[in-house]
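Structure, as structure tokens:
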Amino acid sequence: MIETFTYEALPIRVRFGRGTIAEAGAEVARLGAGRALVLTTPQQAAEGERLRALLGPAFSGLFPGATMHTPVEVTEAALSALKDAGADCIVALGGGSTTGLGKALALRTGLPQLVIPTTYAGSEMTPILGETREGRKTTIRSLDVLPEAVIYDVDLTVGLPPALSATSGVNAIAHAVEALYARDRNPVISLMAEDGIRTLSSALPILIHEPANMEARTKALYGAWLCGCCLGAVGMALHHKLCHTLGGTFNLPHAETHTIVLPHAVAYNAPAAPEAMAAITRALGAPDAAQGLFDLVRALRVPRALSEIGMPASGIEAAADIAVENPYWNPRPVTRDGIRDLIARAYAGERPSAASRAEEAA
Ligand code: NAD
């Protein structure tokens, strides 16, 4: 049934394909800019150097210092590099960490951004920035950080290691899953969400065996774009809040944490979001959304337990306390006992609970 809804399109220009990085110079010119500061992580500095030739005189410098969680010290160092280079636009080439640095610079300077994503995290499609100051991560939502242009080049994702492809892809699926039961969901974003889950869940199992399979790489990046649109358009709920809490409290890796928690968060919310569950099962081709996601993660051969990625057993109770500290909207009320059970299962790598659905129905 079509409910009353609000839909607001975000003004981002997207180019998608293979070899599209060659269009970087034209896209910089289209932004009305002529001196780009290129951002990468230290690991992707060589990719950033490639842009020197592609941008020609519009390449004004490379800052290869992007790092996880967008610490303000790194942003300040990049800001001085930007000023030294006399840059009038930002080109971020990399995953969510590099995109985050570009957004932090845009927030401070108002300069336009071109993002060239190389993971499936989806930050390039959102007006959201998380920054870390003295160990505390704060998140803002503002059109001031929204990139003006994005070039998706499938060729740049071929080197993404299979395990990172898998976890980054499930991170993207999580955006679509929560968009399907978001309080402010709408039919357009739900279409993108369902297709995003379908496309990624069919491509990821191929990529872990054949990382250079271009058809699967193309599908995965296309799915990641759809899922990024979902994250940018509607509000997230339990799953994203929980991953934020767990990641921040125990310094857990971002994409892996999302991958482990997702089936459990879906099991928790299933009784309160039947239409979303129906869409997820259609997209996965599985009889149950939570179990289907767990089976997908199992097939991808990535960690399924928070204990495997560095969370201490003593953290279960603490995380449950923090997770219920600040109330937020979720389709199913968030109870401490329910969340504790969810975290304990995710900690141990167990199958998601099938009991919650029966409890709710009783
Ligand atoms: P990442 O950007 O931290 O990248 C992980 C590592 O993979 C880095 O060393 C990077 O250089 C390397 N890498 C990236 N692409 C590669 C490729 N194609 N080949 C080889 N190596 C490659 O990881 P991520 O998961 O993309 O981003 C995570 C960060 O993004 C988190 O801090 C998260 O909070 C943030 N994020 C923000 C939003 C948002 O809307 N603001 C959305 C999603 C994620």
Side-chain angles (χ1 to χ4, degrees), residues 10 12 21 38-48 50 63-71 74-75 92-104 106-107 113 115-132 137-147 150-176 178-179 196 207 211-212 217 220-221 224-225 227-236 239-248 251-259 302 309:
L10 291 172
I12 315 175
I21 195 172
V38 176
L39 311 174
T40 65
T41 59
Q43 295 83 351
Q44 290 182 287
E47 294 291 335
R50 265 186 69 203
F63 181 85
T67 181
M68 275 211 307
H69 307 310
T70 328
V74 172
T75 302
L93 183 149
S97 297
T98 308
T99 306
L101 176 60
K103 288 174 165 180
L107 181 69
Q113 306 168 67
V115 181
I116 308 173
T118 61
T119 70
Y120 305 135
S123 175
E124 65 282 357
M125 296 310 294
T126 82
I128 305 165
L129 167 65
E131 291 191 281
T132 311
K137 193 162 181 178
T138 50
T139 302
I140 63 154
R141 192 177 184 106
S142 162
L143 286 178
D144 294 343
V145 304
L146 187 74
V150 176
I151 293 180
Y152 287 103
D153 185 339
V154 182
D155 292 349
L156 298 182
T157 61
V158 176
L160 194 61
L164 187 52
S165 302
T167 55
S168 187
V170 180
N171 180 196
I173 289 176
H175 310 328
E178 293 229 291
L207 289 179
R217 280 285 177 204
L221 191 60
W225 172 50
C227 294
C229 291
C230 296
L231 179 67
V234 296
M236 298 288 113
H239 170 77
H240 281 76
K241 305 285 177 195
L242 208 50
C243 290
H244 190 89
T245 300
L246 292 166
N251 198 25
L252 305 181
H254 177 83
E256 285 91 332
T257 307
H258 272 266
T259 303
V302 287
I309 61 164

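Hydrogens, waters and symmetry mates are skipped; everything else that's a heavy atom, side chains included, is used. Counting starts at 1 for both ligands and their atoms, in listed order.
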In the protein, what heavy atom is nearest to [atom], and what distance, to one decimal place, separates them?
atom	result
atom 6 (C) of ligand 1	Leu164 CD2, 4.2 Å
atom 38 (C) of ligand 1	Ser123 CB, 3.4 Å
atom 4 (O) of ligand 1	Thr119 CG2, 4.5 Å
atom 44 (C) of ligand 1	His254 NE2, 3.7 Å
atom 23 (O) of ligand 1	Gly96 N, 4.2 Å
atom 34 (O) of ligand 1	Lys137 NZ, 3.2 Å
atom 3 (O) of ligand 1	Ser97 OG, 2.6 Å
atom 16 (C) of ligand 1	Gln44 NE2, 3.3 Å

Between CD1 on residue Ile128 and CE on residue Met236, distance to nearest 0.5 Å:
7.5 Å
One should read off an interatomic distance between Met125 CE and Cys227 SG, to the nearest 0.5 angstrom, of 11.5 Å
Assess the side chains of His69 and His254: does a donor N or O sit below 3.5 Å from an acceptor N or O?
no
Residues Thr118 and Gln44: side-chain donor-acceptor under 3.5 angstrom:
yes
List the steps, then state whether side-chain contact (heavy atoms from CB on, under 4.5 Å) holds for Leu143 with Leu10.
CA-CA 9 Å; Leu143 286 178; Leu10 291 172; 3.8 Å; yes
Flag side-chain contact, heavy atom, 4.5 Å: [X] against [Y]:
X	Y	answer
Arg50	Leu93	no
Ile116	Glu47	no
Leu160	Leu207	no
Tyr120	Leu221	yes
Ile309	Pro253	yes

What part of [X], side chain, backbone, both or neither, has a heavy atom within less than 4.0 angstrom of ligand 1?
X	result
Thr118	both
Thr41	side chain
Asn171	neither
Leu231	side chain

Nitrogen or oxygen of [X] less than 3.5 angstrom from that of ligand 1:
X	value
Ala255	no
Leu156	yes
Thr126	yes
Ile128	yes

For a side-chain hydrogen bond (donor to acceptor under 3.5 Å, both in side chains) with Lys103, tell me which candidate from Asp144, Thr98, Thr75, Thr126 qualifies.
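Testing each of Asp144, Thr98, Thr75, Thr126 against Lys103, the sole residue satisfying side-chain hydrogen bond (donor to acceptor under 3.5 Å, both in side chains) is Thr126.
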Identify the heavy atoms of Pro127 and Leu146 that sit nearest to each other, and give their distance.
N-CD1, 3.7 Å
Looking at ligand 1, would Met125 count as a contact under a 4.0 Å heavy-atom criterion?
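The answer is no, since Met125 has no heavy atom less than 4.0 Å from ligand 1.
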With atoms numbered from 1 as shown, which atoms in ligand 1 lie under 4.0 angstrom from a non-hydrogen atom of Gly95?
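Listed by number with element, the hits are 2 (O), 26 (O).
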Which ligand 1 atoms, with their elements, are less than 4.0 angstrom from a heavy-atom of Gln43?
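Result: 9 (O), 11 (O).
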